[in-house]
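Below, all heavy atoms of this structure are taken into account, side chains as well, without hydrogens, waters or symmetry copies. Here is the naming used below: chain letters follow the sequence lines, and residue numbers restart at 1 for every chain.
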Amino acid sequence: MWNLYKWKLKDVILASIISVLFAFICFATVHSVSFVVAPLVMPFGFGDIAIEFVFGIFFMSATLAAYVIQKPGVAVIVGTMTGVVQVLMGSAFAATLLPSAFFQGLGVEAVFFATRYKKFNLPVMLLAAVGPTITSFVLAWYRGLWMDLDFGFVATRFVIRLCSALLFSGIITKLLADRLAKVGVLKSYPLGTKYSQDIDDES
Amino acid sequence: MSDFMSKINPFYKFVFIIVFSTVITFIHSLWLNIWVFGGAMLLILTGVKYTQYMRVVKFMLPVAFMSFSLFVMGLFFGEGGGGMFGTVTTQSTQTGITMATRFLSFAGIGLVFALTTNPYDLVKSLRKDAKLPRKFAYGMLCAINLLPHIKTEYQNAMMAFRVRGVRVGPLSLKPLFSMLVNAFRWSEMLSLAMISKGFYED
């Protein structure tokens, strides 16, 4: 079931392209936030919190790939690959990025694993946004020494990150993938089969 | 000076970075952060070509921003700090300094890796030393080589929207959608092309 050799070449290339595409988006997001937004709110001590509003973007690659390909292991691999590609593109946040990318993929994977890769409706997708939020937050808690911070401040961060994850990774990803399926580019994937018409059908 | 860091096996370097950054995630010490950052800077000064120094500066700018904003955050919201523009105590200052140096140390490690690793060599080394399936190695290379095309594709999509008079904001999903459609097409075309040229799936 977890055998990597059972993937089709097409799936592998699709997973790689999705991770490269989203690595590009994440790269642009991180750098625009840390250059443009963070300096504006820095004097108030909110410089690091600015990234939380768009944190859901980082989960999108793993969720989208898992939603489309629907195979075990997709989320972890695509999540990790997104991080690796960002490092190779020259992200300044490389060493923090690699473990977090892996943990985010793991969070998405855990949710889909709990449903045995059978159910892919809206509640499951929302849960798949909550999973990486928790794993990435726990990792960042240890790494960023947030236990030394004010508890209310950290709780606010968590709420903002959760809202962002639900919006970007839960809702927007599902909308995008469903629209892609309707357009008809997903006919060879499990997600697109319900839109592909059989010639034996009456209607 | 000499670029001896580029000659180390990329896969072992990759594993070392991951293990090392995971280990120091759980060690909270100000002096460790400073030593790690100093070590990384020393490696960059001695083990990276002169021509890369401009890239180092480009890397360090956002890092410096983030590190300073972390310091301010620790100063105001650290234990003992009094919220925004509140009282600043010795303890909260210490928290701020620790957080800032910690971020710097992580950035230093990553910088060493990013400056001295070529994507092609990393994939080659993953295939050779990590026994990654051929499919994955070549699939990743495919996607990495598509990177410039993704840029042109994005510009094309934006141009097409402008010709049709569709207003596209910076946060709009429309260009992303058209790029995703292309990604699916590419993945099918590329896999067909690879198989027809004699690529075998092991």
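With a 4.5 angstrom heavy-atom cutoff, A:Val87 touches chain B via backbone and side-chain atoms both. Neither the backbone nor the side chain of A:Leu175 comes within less than 4.5 Å of any heavy atom in chain B. With a 4.5 angstrom heavy-atom cutoff, B:Phe26 touches chain A only via side-chain atoms. Heavy-atom distances place the side chain of B:Phe199, and not its backbone, under 4.5 Å from chain A. Of the two parts of B:Met194, only the side chain, counted from C-beta on, holds a non-hydrogen atom closer than 4.5 Å to a non-hydrogen atom of chain A. For A:Ile172, the part sitting under 4.5 Å from any heavy atom of chain B is the side chain, from C-beta outward, and nothing else. Of the two parts of A:Leu98, only the side chain, counted from C-beta on, holds a non-hydrogen atom closer than 4.5 Å to a non-hydrogen atom of chain B. Heavy atoms of B:Thr98 lying under 4.5 Å from chain A belong to its backbone as well as its side chain. Within the 4.5 angstrom heavy-atom criterion, only side-chain atoms of B:Phe103, from C-beta onward, approach chain A. Contacts between B:Ile150 and chain A at a heavy-atom distance below 4.5 Å involve the side chain alone, from C-beta outward. Of the two parts of A:Tyr142, the backbone and the side chain both hold a non-hydrogen atom closer than 4.5 Å to a non-hydrogen atom of chain B. With a threshold of 4.5 angstrom between heavy atoms, B:Leu122 approaches chain A through side-chain atoms but not through N, CA, C or O.
Taking the ring axis of A:Phe137 as reference, the NZ or CZ atom of A:Arg161 does not stay both within 45° of it and closer than 6.0 Å to the ring centre.
Between the side chain of A:Thr63 and the backbone N or O of A:Phe59 there is at least one donor-acceptor pair closer than 3.5 Å.
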Does the side-chain hydrogen bond (donor to acceptor under 3.5 Å, both in side chains) test come out yes or no for A:Ser136 and A:Ser100, once each step is laid out?
CA-CA 6 Å; A:Ser136 69; A:Ser100 3; over 6 Å; no
Yes or no on side-chain hydrogen bond (donor to acceptor under 3.5 Å, both in side chains) for A:Ser188 and B:Glu188, after CA distance, side-chain angles and deciding distance?
CA-CA 10 Å; A:Ser188 49; B:Glu188 282 182 19; 3.3 Å; yes
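When every heavy atom of B:Pro175 is checked against every heavy atom of B:Phe161, the shortest pair comes out as N-CE1, 3.8 Å.
Top candidate by heavy-atom pairs under 4.5 Å with chain A, chosen from B:Thr117, B:Leu146, B:Val63, B:Leu180, is B:Leu180. When each of B:Gly110, B:Ala114, B:Ser187 is checked for heavy-atom pairs under 4.5 Å with chain A, B:Ser187 comes out on top. Of all the listed residues (B:Trp186, B:Phe113, B:Phe14, B:Tyr138), the one sharing the greatest number of non-hydrogen pairs under 4.5 Å with chain A is B:Phe14.
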